[in-house]
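Each remark here refers to the structure printed beneath this line.
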Amino acid sequence: MLPSQKPIVSSGPPGYSAVSGHTVTVFGSTGFLGRYLVSKLGKVGTQVITPYRDEDEARHLKLMGDLGQIVRMEWDIRDEQSIAECLRHSDTVYNLVGRDYPTKNFSYEDVHVAGPERIARIAAENGVSRFIQVSHLNADVNSPSKFYATKAEGENRVREIFPDATFIRPSSMYGYEDKFLTNMAIWAIWWKLNNAETRVRPVHVMDVAQALANLLNLPKVSGVVNLPGPSTLTYQYLLDMVSSVTLRPPSKAPTVPKAVAEAIASVGKTVWWPALSPDEVARRFIDDSEVAGDWNTVGIAEPSEIEDHAITYLRRYRSA
């Protein structure tokens, strides 16, 4: 049911030029996961509102749906009026907004706690029927990582407003614009922390995007949905895989002690470009949660193995 209390009615032939009847707002649409979700929603005829801060970062989204189906709107996470304008016609709101590192303008609390709470409250006030929050597999209020702790706190704040909200918890994602595989190919030294023994469950960004898109046509799923990758791997295994695929010898970079890495990361906070943050150092020592995946809940039988896609994203790092 739309906020106007009109029923959702689909029409037209299946595909790009169809009309699914849904109107969806995707906060965080210009990010890594967001662009793939918008593409999957647009190609089945869903009207998607794509809030943006920088117009140049949203230009490519216009092509992901038929004429008039991708609606770009400027917004600010602290501006309640702009948030309301972005979601007042939507029956479903996705919140994908996240931050790997804090900045002088936005702390983890601003982005992961206050932001989701504000969006959820305004969505409830405007009659939005479904709220989907993207969190992280390792979200835990007691985590030594502020990133993970604030992700969990954000879930709690949203749950108070939307008791039947859906919380999607993917593990670290890989894909074309990722900060995972492609970063390993460039900065292997920072993935050798903890002697590269940290155990992770990487998941393909396309699988997560498809899971999010599937939710639109499934019965409402409430609570936490865990979306880890199919295998648990160490950073050493992944570094060896990157070396094999890129036809480069294994990195000879030394293992940096945690205290030294934290000190270097603290200095990195003084530069204006994205650099390794102290919280990212902390995360390199935290194993991914071993909870079971809920892929069947979102209509996916089995997620992809990272080895099946590594060549696609790492080929450009080959020396010849």
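Remember, predicted model here, so these are calculated numbers, not experimental data.
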request  = Mind running side-chain contact (heavy atoms from CB on, under 4.5 Å) on Glu307 and Met241 for me, showing each step along the way?
outcome  = CA-CA 8 Å; Glu307 293 88 349; Met241 183 190 69; 4.0 Å; yes
key: Verdict with reasoning, Gln133 to Phe162, per side-chain contact (heavy atoms from CB on, under 4.5 Å)   = CA-CA 10 Å; Gln133 169 83 12; Phe162 264 93; over 6 Å; no
request  = Step by step, work out the side-chain contact (heavy atoms from CB on, under 4.5 Å) result for His204 and Met173.
outcome  = CA-CA 6 Å; His204 196 200; Met173 293 178 282; over 6 Å; no
task = Could you walk me through whether Glu305 and Ser231 pass side chain to side chain donor-acceptor pair (under 3.5 Å), step by step?
result = CA-CA 7 Å; Glu305 293 283 359; Ser231 300; 2.8 Å; yes
message = Between Glu117 and Ile161, does the side-chain contact (heavy atoms from CB on, under 4.5 Å) criterion hold? Intermediate values first, please.
response = CA-CA 8 Å; Glu117 181 182 29; Ile161 300 166; 3.9 Å; yes
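Side-chain contact check for Ser304 and Asp207: at least one donor-acceptor pair (N or O, by modelled atom type) lies under 3.5 Å. Asp240 and Ser243 share no side-chain donor-acceptor pair at under 3.5 Å. When only modelled atom types and interatomic distance are considered, Ser29 and Thr50 share no side-chain donor-acceptor pair under 3.5 Å. There is a side-chain donor-acceptor pair under 3.5 Å between Asp66 and Ser17.
In this structure the side chain of Asn214 reaches within 4.5 angstrom of the side chain of Ile300, judged on heavy atoms. For the pair Tyr235 and Lys192, the minimum side-chain heavy-atom distance is 4.5 Å or more. Between Thr46 and Gln69 there is no side-chain heavy-atom pair separated by less than 4.5 Å. Counting heavy atoms from C-beta outward, Val93 and Val24 have side chains that stay 4.5 Å or more apart. Counting heavy atoms from C-beta on, the side chains of Phe180 and Ile306 come closer than 4.5 Å. Two residues are said to be in side-chain contact when any heavy atoms from C-beta on lie closer than 4.5 Å; Val298 and Leu215 meet this criterion. At a threshold of 4.5 Å between non-hydrogen side-chain atoms, the residues His22 and Asn217 count as touching. Looking at Thr166 and Ser222, their side chains never come closer than 4.5 Å, going by heavy atoms from C-beta outward.
What you find for Ser277 and Arg283 is that their closest heavy atoms are OG-NH2, 4.4 Å. Taking every heavy atom of both residues into account, Ile189 and Ala253 meet most closely at CB-CB, 3.7 Å. For the pair Leu227 and Ala211, the tightest heavy-atom approach, listed with the atom from each and the gap, is CD1-CB, 3.8 Å. When all heavy atoms of Ser171 and Val203 are compared, the pair lying nearest together is OG-CG1, 3.5 Å. Contact record, Ser143 with Ile286: OG-CD1, 4.0 Å, taken as the closest heavy-atom pair. Smallest separation of non-hydrogen atoms from Val97 and Gly28: CG2-N, 3.6 Å.
Sorted by first then second residue, the ring-ring contact (aromatic ring centres under 6.0 Å, His included) pairs that include residues 31-80, not counting sequence neighbours, are Phe27-Trp75. Sorted pairs that involve residues 213-234 and meet ring-ring contact (aromatic ring centres under 6.0 Å, His included), not counting sequence neighbours, are lacking altogether. Screening residues 126-150 for salt bridge (charged side-chain N to carboxylate O under 4.0 Å, His left out), with sequence neighbours left out, gives Glu109-Lys146.
At distances below 3.5 Å, at least one donor-acceptor pair connects side-chain atoms of Asp288 with backbone N or O atoms of Arg201. Counting only distance, with no hydrogens or angles, the side chain of Asp178 and the backbone of Thr182 share a donor-acceptor pair below 3.5 Å. In this structure, Gln47 contributes its side chain and Gly68 its backbone to a donor-acceptor pair below 3.5 Å. Not one N or O on the side chain of Glu57 forms a donor-acceptor pair closer than 3.5 Å with the backbone of Asp54. With hydrogens and angles disregarded, no donor-acceptor distance shorter than 3.5 Å links the side chain of Arg157 to the backbone of Glu153. Between the Ser129 side chain and the Asp91 main chain, a donor and an acceptor come within less than 3.5 Å of each other. Side chain of Asp76 to backbone of Arg78: a donor-acceptor contact under 3.5 angstrom is found.
Of the inter-residue distances, the one linking His136 atom NE2 with Asn226 atom CG reads 11.0 Å to the nearest 0.5 angstrom. To the nearest 0.5 angstrom, Lys220 atom NZ is 8.5 Å from Thr92 atom OG1. Note: Asn95 CG to Arg118 CZ = 11.5 Å, rounded to the nearest 0.5 Å. Taken from OH in Tyr94 to OG1 in Thr25, the straight-line distance is 11.0 Å, to the nearest 0.5 Å. Atom CG of Leu233 and atom CG of Leu238 lie 5.0 Å apart (nearest 0.5 Å). Distance check: Leu314 CG to Leu181 CG gives 5.0 Å after rounding to the nearest 0.5 Å.
No salt bridge links Glu155 with Lys151; every basic N to acidic carboxylate O contact stays at or beyond 4.0 Å. Ion pair Arg121/Glu125 flagged as a salt bridge, since at least one NZ, NE, NH1 or NH2 atom sits closer than 4.0 Å to an Asp/Glu carboxylate oxygen.
Within 6.0 Å of the CD atom in Glu290, the count of heavy atoms belonging to other residues, nucleotides or ligands exceeds 12. The local environment of CZ in Arg59 is sparse, with at most 12 non-hydrogen atoms from other residues, nucleotides or ligands closer than 6.0 Å. Environment of CD1 in Ile186: crowded, with over 12 heavy atoms of neighbouring residues, nucleotides or ligands closer than 6.0 Å.
Cation-pi check for Arg99 over Tyr108 is not met; the charged atom does not lie both under 6.0 angstrom from the ring centroid and within 45 degrees of its normal. The side-chain tip of Arg248 does not point at the ring of Tyr317 from less than 6.0 angstrom away and within 45° of straight on. Geometrically, Arg284 engages Trp191 in a cation-pi contact defined by less than 6.0 Å to the ring centre and at most 45° from the axis.
Ring pair His309/Tyr176: centre-to-centre distance not below 6.0 Å.
For the pairing with Leu33, the side chain to side chain contact (heavy atoms under 4.5 Å, CB included) check across Val205, Ile168, Val26 returns one residue only, Val205. With Ser145 as reference, Asp279 is the one residue of Val281, Asn138, Asp279 to meet the side chain to side chain contact (heavy atoms under 4.5 Å, CB included) rule.
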